[in-house]
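Chain letters run A, B, ... following the sequence lines, proteins first, then strands; residues in each count from 1.
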Amino acid sequence: MPAELIQTVQTPESNYDQLTIAEATLVQQDLKKYLNLNPYLGPIRTIAGADISLSLHSETVFAGIVILSFPDLQPVSYSLIKSSTTFPYAPGYLAFREIPALLKAYEQISDKPDVVMFDGNGILHARRMGIASHFGILTDTVTMGCAKKKLVGKYDEPGDEKGRYCSVIDRQEEIGFALRTKNNLKPVFISPGNNMSLQDSLEIAMKCISKHRLPEPTRRAHEYVNLFRTGELREGYHEVNDLRLF
DNA sequence: GCGACAG
DNA sequence: ATCTTGTCGC
């Protein structure tokens, strides 16, 4: 990586808050040089969901990563951390608001997941550098995005039945999919983050669909992070010892 | 200038 | 994202 970029991203928790939008754009353009969209060949034994929860009118950020077994999708461990941010929310720059906290949550995981799914996009982004791709490049991990709303591009509405999907196209380029995860409900938007292909992201997303609109990884991450914010779960890395299974 | 716009 | 109650549909 270029020295300038390394200096900027090496310790995001201390630098991202001070970046201007123009500087953030340059960081994204630099990071894109390291994007890898080749097929993922390794096994998937665990898949994690990453998300954050915010208090209204506050700089406090509750970040969480929940690791699920694969393909059974049962929570096996989770990492929660409280942090703060002053970087404003701006479409296309979500990573600069959420990544510092998510990096802390990721660091305290002792048994890292094989894949991480983000509540947001991978390459389904104007500069192909959504939060999943950004995080995947910084940590050299296998990541993908699952957004609840379209950020950029055009697509045909997929059929009403669960499992149907259509490509999302932006400037002649296929950058993701609109995937129907539940009958008659709005689709979610899937794209690869880093170290996997477009097809990988679609196949993995389909294997994570259960009875809800959101795939299990991000659905669980959202659930845990809210339990954390409301004080029902504690900060730190925890193994799930669910005796209810027996 | 107008419309679009992850969380 | 978050603040909120009931309500319509599978």
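- Geometrically, A:K82 does not engage A:F228 in a cation-pi contact defined by less than 6.0 Å to the ring centre and at most 45° from the axis.
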Evaluate the side-chain hydrogen bond (donor to acceptor under 3.5 Å, both in side chains) criterion for residues A:T85 and A:D17: first the C-alpha distance (whole Å), next the side-chain angles of each, then the deciding distance (0.1 Å), finally the verdict.
CA-CA 6 Å; A:T85 181; A:D17 279 348; 3.3 Å; yes

Could you run down nucleotides 1-7 of chain B 5' to 3' and tag each one B, S or - for protein heavy-atom contact under 4.0 Å?
----BBB

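- Between A:Q199 and A:S197, the side chains place no donor N or O within less than 3.5 Å of an acceptor N or O (distance only, hydrogens not considered).
- Across all non-hydrogen atoms, the minimal contact from A:A50 to A:I65 is CB-CG1, 4.0 Å.
- Across the interface with DNA chain C, nearest-nucleotide mapping of A:N183 and A:H222 shows A:H222 to be the residue nearer the 5′ end.
- We find that A:D51 and A:R220 are not joined by a salt bridge, their nearest charged nitrogen and carboxylate oxygen being 4.0 Å or further apart.
- Along DNA chain C, the nucleotide nearest to A:S53 and the one nearest to A:K182 differ in position, and the one closer to the 5' end is contacted by A:S53.
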